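Notes follow once the structure below has been shown.
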Amino acid sequence: MTYVAQTPEQIRGLIAKAKRRDVAFVALGVVALGIGFATFVALFVDMLIDGWARLSPEFFAQFPSRRAGQAGILSAWVGTTLVMIVTAAVAVPLGVAAGIYLEEYAPKHWVTDLIEINITNLAGVPSIVYGLLALGLFVYAFGLGQSIRTAGLTLALLILPVVIVATREAIRAIPGVIREGAYAVGATKWQTVRDHIVPYSMPGILTGVIIGMSRAIGETAPIITIGALTFIAFLPPAPVTGDFPFLSFEWLKAPFTVMPIQMFNWTSRPDEAFHANAAAAGTILVFMTLTMNALAIWLRYRLRKHIKW
Amino acid sequence: MEARTQPTTHATMLGRTPPGAAAPAGSAPPPLKAESRGLSFHYGKFQALKSITMPVHEHRVTALIGPSGCGKSTFLRCFNRMHDLYPGNRYEGEIVLYPDNTNLLDRDVDPIEVRMRVSMVFQKPNPFPKSIYENVAYGLRVRGVKNRNLLDDKVEASLRGAALWDEVKGRLHEVGSNLSGGQQQRLCIARALATDPEILLFDEPTSALDPIATASIEELIAELRRQVTILIVTHNMQQAARVSDYTAYMYLGELIEFDRTDTIFFKPRRKETEDYITGRFG
Ligand SMILES: Nc1ncnc2c1ncn2[C@@H]1O[C@H](COP(=O)(O)OP(=O)(O)OP(=O)(O)O)[C@@H](O)[C@H]1O
Ligand SMILES: [Mg+2]
């Protein structure tokens, strides 16, 4: 009785059998990838064809209008850009600091375990819930208004769990011997965090930020909940002014709209011509997301090039 | 002068003549740099070291040998309070550093201060993913050194001290992790040397290296004892015999025997030591 292949023929038979499984798995993977990719391409091309005629410089420079042919996305893309800036400015420092605190400073016991579980769960909470929370907290309790800052804070809350989890995972990926190496030459905890933990986990943190921001840029429900306008024909005050101190933050308090809301508004009109506008705006939103991702991937590549252990 | 009286104290504890007494006439035992006194260590409930009392002679190489799991790394890492980084660890006893008689394990002594005086080189080379220059300069940077000339001089001197200067002088600003394994380990030695430590700890520094790189590190260690006191953990009996002046044999968390290396290898007092040295050990 032999249980193990012995003769060359038996061994070859075994290898051939194992290799057939390889081929089957590769085929399955290619099909799965193909379905996903083809769906995206089909949707995107369909949208591009519908909106093609409307994609012109004027489309970016015009406010929404009652006449489809004259309507543009000026207020929407400016609004989306500004809201994203606020979101990143709030979520990245807060999320990174929280992640570092939990990983490096917090004592490990049941309270931190509980916090950890809750943060992971928060990532799965429907976005409309964040909208309701923001309406109660930011708009009514804090009186921040139906403004860009409220929207930015709301989306920041929404992506905070993603940034925290990504930060913690990136920190955990740093080998213990690297950390010990820093402590061994006499570094304090803060020096170790500043000079090693943060720089080495940056590529991973950026990945989390990309994922979070891509989710935030397409969010509609929480933004509608806090009361974004669907029709707005003016821009927020400029951040740079002619008078001292030349910087103004009045724009944070301005009413606004964002790309997904503008699209939603146009698709819900009976006039077919507006649907073309929605398709064009959708195409641009996809490009905005892709540009953001490309920038982050490039940054991550630049940072990661030197980090290996 | 306290330091000079220590060897006698210590020898009395072990109940034998002071180390170095068997040396040829004229070579007085070197002064002590440090001494572990009744050191016990616990990982949570597990006691890894049992009341270890052992001297560390200044400008000498002391090797720690013993079977895997006997507590060599644990003992070594007490000298720079590395165990403080993890919760649940507990020391008892003391490690006194001379000439100032500081107890390194004292709660009031900051582990950062200890690590500034006692540096370490790890088993696996662990250069930071930064430039060669920044790797070596890091210990100085955490001490607040900003003067460019001083940094340049120190980096060069340390790299020379680690016998790496000639190989890397043209590419100080390239990433340290691109070097070969042996070069990386010498870079880590340079990093540890840059801050002029009083004691340098090595935990199996050559176990991840090939024989040629190992030979160059061993040569380096023999050189380095002129400037610094060295403690080295090794699994390699020949290495202990080649590089060390004193050898400690440990077993199951206890110090079984400590003596001059030649005595340990040729005339060990204890049967267990002899069995281990000659390979009769399980
Ligand atoms: N972090 C830890 N927590 C609990 N026990 C530990 C820990 N590290 C080591 N030990 C235990 O302490 C004992 C001594 O370990 P140590 O690493 O000092 O041995 P060693 O002599 O260096 O062995 P090796 O030659 O294999 O490196 C072992 O029994 C080990 O299992
Ligand atoms: Mg060890």
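No experiment lies behind these values; they were computed from the predicted model shown. Per chain, numbering begins at 1; letters A, B, ... match sequence-line order.
Interface residue B:L85: only side-chain heavy atoms are found under 4.5 Å from chain A. Interface remark: B:P111 contributes no atoms to any contact with chain A (heavy atom separation under 4.5 Å). Of the two parts of B:V114, neither the backbone nor the side chain holds a non-hydrogen atom closer than 4.5 Å to a non-hydrogen atom of chain A. Using a 4.5 Å cut-off between heavy atoms, B:R191 touches chain A through backbone and side chain atoms alike. The parts of B:F128 that come within reach of chain A are both its backbone and its side chain, each placing non-hydrogen atoms under 4.5 angstrom from that chain. Using a 4.5 Å cut-off between heavy atoms, A:Y183 contacts chain B through both its backbone and its side chain.
Ranked by heavy-atom pairs shorter than 4.5 Å toward chain B, the options A:D195, A:T192, A:I307 are led by A:D195. Counting heavy-atom pairs closer than 4.5 Å to chain A, the top residue among B:R143, B:Q123, B:K130, B:M120 is B:K130.
When side chains are defined from C-beta on, B:H57 does not count as touching B:K33, because their heavy atoms never get closer than 4.5 Å.
B:D84 has a carboxylate O that lies under 4.0 Å from a charged side-chain N of B:R81, or vice versa, which qualifies the two as a salt bridge.
Ring orientation note: the planes of B:F46 and B:Y43 are close to parallel, at an angle under 30° on the 30°/60° scale.
Counting only N and O atoms by type, the side chains of A:Y130 and A:E219 include no donor and acceptor under 3.5 Å apart. For the residue pair B:S119 and B:N80, no side-chain donor N or O sits within less than 3.5 Å of a side-chain acceptor on the partner.
Surrounding OH of A:Y105 are more than 12 heavy atoms belonging to other residues, nucleotides or ligands, all under 6.0 Å away.
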